[in-house]
Each structure stands twice: as structure tokens, then as C-alpha cells.
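Indexing begins at 1, ligand by ligand and atom by atom, following the structure's order. Residue numbers count from 1 along this sequence.
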Amino acid sequence: MSAVRGRFAARTVRVKAPGKVNVALDVGPLRPDGYHSVASVYLAVSLYEEVAATSTEAAGITISISPASTLDLDEMDIPLDENNLAYKAAAIMADVSEHSTGVHLEITKRVPVAGGMGGGSADAAATLLACDALWNSGLSRDELAHLAAELGADVPFSLLGGTAVGLGVGDELSPALAKAQTDWVLVAADFGLPTPVVFRTLDRLRDAEGVDVPEPSAVDPKILQALRSGDADALSRVLVNDLQRASIELAPSLRDTLGMGESRGAIAGIISGSGPTVALLTRSPAAAEGLAEELRHHGLNATAVHGPVHGARIISDTLL
Ligand code: ATP
């Protein structure tokens with residue numbers, strides 16, 4: 001393709017969007033509509049998905065995936081059709097854009113698939129922003145956030161980034177303005193856990209115990225205080241994830257991963273969202289790098305990251 005007058009001029013907009021760790025995740029009882037209310041603190045971390053959206057002369061949406069070196073995508077089950085969240089995001093943007101074209105989405109995956117870090121949601125957030133730019137839709141961030149919420153509970157957060165409290169099903173977001181950095185090691189598993197199965201397992205465990213769980217309505221203010229001051233020790237005492245025991249019930253090896261991290265210098269460990277990615281908290285960037293290195297020597301897929309980081313952002317816009 002070239003930009004010669006009269007011929008189709010292809011353009012590529014490249015966007016990166018972060019994965020997330022839930023620093024806190026309180027889960028309420030199963031609601032009659034099949035969902036669970038949550039009270040969650042999201043932290044956007046420096047592990048990014050990238051989506052390059054290229055306009056195409058032929059109508060329609062196509063997708064390809066490039067693995068980043070840390071992920072073995074052969075093992076992963078990522079749909080390349082209308083079931084891909086990025087496809088759905090492009091389709092929604094095409095609906096609201098007057099000048100949409102065909103589009104090819106090339107997704108560079110770094111966030112573990114079905115890992116509890118919202119990787120598909122990050123792809124959707126990146127695609128919304130890329131197609132908005134590609135087709136000059138002129139939507140505000142609020143309008144994009146509205147479309148994001150239609151795609152999934154975690155999509156608005158990947159657009160927003162930073163630190164945020166999520167209520168409702170996680171989609172009612174309030175930025176938490178906690179900018180101090182915390183340093184983590186993420187340990188990706190070589191298997192995924194489907195989020196609905198993890199929620200069902202939690203319901204089953206709770207049913208068996210016969211305990212009534214209250215609807216969550218707020219997050220512990222100590223979590224936000226610790227994130228505001230970047231006090232990793234204070235944060236280590238208040239990390240909470242109600243889904244963790246369900247993830248461990250489904251994948252008992254996660255207990256060993258948590259134990260290995262904690263015995264080698266992490267000050268606390270938590271499963272991210274529905275798992276199976278384990279997030280290990282450390283006291284400094286150097287401690288995170290050191291721990292990641294050591295865990296890699298033991299054969300684990302470990303990466304040092306920090307948070308909070310910005311939400312979805314355009315990194316280049318090129319006429320081909
Ligand atoms: P969440 O915590 O948001 O439920 P997750 O981070 O655990 O999700 P994802 O990697 O977002 O998991 O994907 C979950 C499932 O969704 C995958 O197993 C895959 O079948 C499907 N999927 C749809 N679109 C994508 C995408 N763009 N990337 C990865 N998986 C996708």
C-alpha cells in the first residue's frame with residue numbers, strides 16, 4: 001500500500017495498554033443475575049499488551065498474534081475470530097465511527113493468557129483507542145470508557161490505568177490517586193484458569209461452609225493509605241483476594257509458587273484476580289529484579305514489574 005493520491009493509504013496506529021494486579025479483591029455472594037459484586041483495588045503494572053491497528057482496503061476485521069518471548073502461545077487458546085475481545089472492541093468502534101474502514105489488528109501478547117491479569121481486556125482497551133484514532137471518531141475518554149464497560153468489567157481499568165477502586169462487578173471505577181511505586185515479581189503459570197470456573201469454585205467452597213457472605217461495599221482504607229505512601233511493608237499486611245483459595249483448590253501447585261516466592265525474599269504474595277498468575281511484593285526495584293532472576297533459575301516464568309503505570313496510550317501513528 002502507498003499514500004499516493006487516488007490509492008488506498010494504509011495507516012497504522014500502535015497502542016500499548018497495561019495488565020493489572022488486584023491488590024485487594026473482596027467478592028460478595030452469587031447474585032440472582034449470576035454475577036458477583038466485588039470491592040477491588042486495581043493496580044496497573046508495567047507488563048503491556050500492544051495492538052497495532054492497520055486500516056485495510058478490504059472490509060472486515062482480521063487478527064494476528066505475535067508472542068513476546070516470555071509467552072509460549074502454542075499452549076494458549078486465543079480465538080482469532082469475533083470471540084476475541086479485541087475484535088469485539090473494533091466492531092463496537094466501527095459501529096460508532098462514521099469513517100471506519102477494514103482493519104487488521106496485530107496483538108503482541110505479554111500478559112499471560114487466562115492469567116487473571118486482564119490481558120484480553122488490555123487488548124480490548126488498546127483496540128478501542130487505536131480504532132478511535134484510526135477512524136477519527138472524536139470520542140471523549142468518558143465515551144470510550146462507556147464502550148469499554150460494554151466489553152467487560154476489566155476493560156475500563158486498562159483504559160484508565162494507575163490505581164483505582166472498582167465496585168459493582170468491578171466496572172464502577174474511581175481513580176485512587178495513589179502514585180507511589182511498588183515493586184512486584186509476576187510468576188506466570190503454564191496453564192490458565194477460566195475466571196467463571198474460579199468464581200463457581202468459590203461459591204461451592206462457601207456453600208459447603210454454610211457461611212453467609214456480606215455484599216462488599218468498600219475497600220479497606222489501609223490498602224489505599226499503603227499504596228499512597230508506597231509503603232510495601234504496610235501493603236503486605238493488607239493484601240487480600242477472596243478468589244485465592246478457589247484458585248488454589250483448582251491448582252494446588254500455586255501454593256508452592258507462593259511459598260517459594262515468600263521464602264526467597266518476597267514480603268508477601270497474592271494470586272492476581274482469578275489467577276493463576278502469582279504477584280510477589282518486594283521492597284525495591286532491585287529486590288524485584290533479584291527475586292525474578294532467582295525464580296527464573298528455578299525454572300519459573302518470573303518478571304519484575306512496577307505499578308502504578310499509565311493506562312492505554314498511543315505509541316505511534318504512521319502512514320504506510
Ligand atoms: P480476566 O481476569 O479479565 O477474566 P484473564 O486475564 O484471566 O481475564 P484473558 O487472557 O483476558 O484472561 O482471557 C481469558 C479467555 O478469553 C482466554 O482463555 C481466551 O479464550 C479468551 N480471549 C478472548 N480475547 C482474548 C484476547 N485478546 N487475548 C487473550 N484471550 C482472549
Side-chain angles (χ1 to χ4, degrees), residues 15-23 25 27 35-36 38 40 42-45 47-53 61-68 70-92 103-131 148-159 166 169-171 173 186-202 241-244 246-247 250-251 254 270-279 312:
V15 174
K16 68 177 192 176
K20 56 84 185 169
V21 167
N22 297 88
V23 173
L25 182 54
V27 179
Y35 289 94
H36 295 77
V38 301
S40 173
Y42 288 104
L43 179 70
V45 293
L47 190 63
Y48 299 95
E49 295 284 272
E50 262 179 49
V51 175
I61 301 165
T62 52
I63 297 187
S64 61
I65 312 258
S66 322
T70 47
L71 285 185
D72 181 1
L73 287 180
D74 290 347
E75 306 278 313
M76 311 288 182
D77 158 35
I78 305 174
L80 295 180
D81 57 10
E82 65 280 2
N83 292 312
N84 193 297
L85 265 186
Y87 185 107
K88 292 182 184 170
I92 282 198
V103 67
H104 179 72
L105 305 170
E106 188 190 348
I107 302 174
T108 304
K109 284 218 83 73
R110 298 197 183 88
V111 175
V113 178
M117 289 191 60
S121 301
D123 297 338
T127 302
L128 283 179
L129 198 58
C131 290
E150 285 178 26
L151 289 163
D154 289 341
V155 185
F157 178 68
S158 189
L159 207 51
V169 292
D171 59 331
L173 285 183
L186 300 174
V187 184
D190 55 7
F191 57 90
L193 284 177
T195 305
V197 175
V198 179
F199 273 95
R200 276 203 298 278
T201 303
L202 178 65
N241 180 0
D242 283 350
L243 289 178
Q244 178 153 322
S247 312
L250 291 162
L254 293 175
I270 192 168
I271 286 174
S272 177
S274 52
T277 307
V278 167

Considering only protein heavy atoms, which is closest to atom 24 (N) of ligand 1, and at what distance to one decimal place?
Leu85 N, 3.0 Å
Side-chain heavy atoms of Asp242 within contact of Leu25, under 4.5 Å:
no
Flag atom 12 (O) of ligand 1 as yes if some protein heavy-atom distance to it falls below 4.0 Å, otherwise no.
yes
For atom 19 (C) of ligand 1, grab the closest protein heavy atom and report residue, atom and distance to one decimal in Å.
Asp77 O, 3.4 Å
Over-ring placement of Lys20 relative to Phe157, 6.0 Å and 45° cut-offs
no
For residues 111-130, please give each side-chain donor-acceptor pair under 3.5 Å, one per line with the distance, not counting sequence neighbours.
| unit_1 | atom_1 | unit_2 | atom_2 | d |
| --- | --- | --- | --- | --- |
| Asp123 | OD2 | Lys109 | NZ | 2.7 |
| Thr127 | OG1 | Asp123 | O | 2.7 |

For Leu243, run the side chain to side chain contact (heavy atoms under 4.5 Å, CB included) check against Leu202, Thr195, Leu193, Thr201 and tell me which one passes.
Leu202
For atom 29 (C) of ligand 1, tell me which residue out of Lys88, Lys20, Lys109 has the closest non-hydrogen atom.
Lys109
Should Glu49 be listed as contacting ligand 1, given a heavy-atom distance under 4.0 Å as the test?
no
the protein heavy atom lying closest to atom 4 (O) of ligand 1 turns out to be Thr195 OG1, 2.7 Å
Starting from atom 15 (C) of ligand 1, which protein heavy atom do you reach first, and at what distance in Å?
Ala114 CB, 4.8 Å
Could you find the nearest protein heavy atom to atom 21 (C) of ligand 1 and give me its residue, atom name and distance?
Pro79 CD, 4.0 Å
Please confirm whether Met117 comes within less than 3.5 Å of ligand 1 when only nitrogen or oxygen atoms on both sides are compared.
yes
Any nitrogen or oxygen of Ile107 lying under 3.5 Å from a nitrogen or oxygen in ligand 1? Just yes or no.
no
Considering all heavy atoms of both residues, which atom of Ala86 and which atom of Ile107 are nearest to each other, and what is their separation?
CB-CD1, 3.8 Å
Quick check on Gly116 - does any of its heavy atoms sit under 4.0 Å from an atom of ligand 1?
yes
Write out all pairs satisfying salt bridge (charged side-chain N to carboxylate O under 4.0 Å, His left out) with one or both partners inside residues 192-202, taking only residues at least two apart or from two chains.
none
I'd like to check whether Gly118 has a polar contact with ligand 1, where a contact means an N/O of the residue lying under 3.5 Å from an N/O of the ligand.
yes
Is atom 26 (C) of ligand 1 less than 4.0 angstrom from at least one protein heavy atom?
yes
Should Ser121 be listed as contacting ligand 1, given a heavy-atom distance under 4.0 Å as the test?
yes
CA sep, side-chain torsions, deciding dist, call: Glu49, Arg110, side-chain contact (heavy atoms from CB on, under 4.5 Å)
CA-CA 6 Å; Glu49 295 284 272; Arg110 298 197 183 88; 4.3 Å; yes
Say whether, by atom type as modelled, one donor and one acceptor occur between the side chain of Ser158 and the main chain of Pro18 under 3.5 angstrom.
yes
In this structure, atom 30 (N) of ligand 1 is nearest to the protein heavy atom Val113 CG1, 4.0 Å
Numbered atoms and elements of ligand 1 in range of Asn83, under 4.0 angstrom, heavy atoms
23 (C)
Just to confirm my output: which protein heavy-atom neighbour is closest to atom 3 (O) of ligand 1, and how far is it?
Asp154 OD2, 2.9 Å
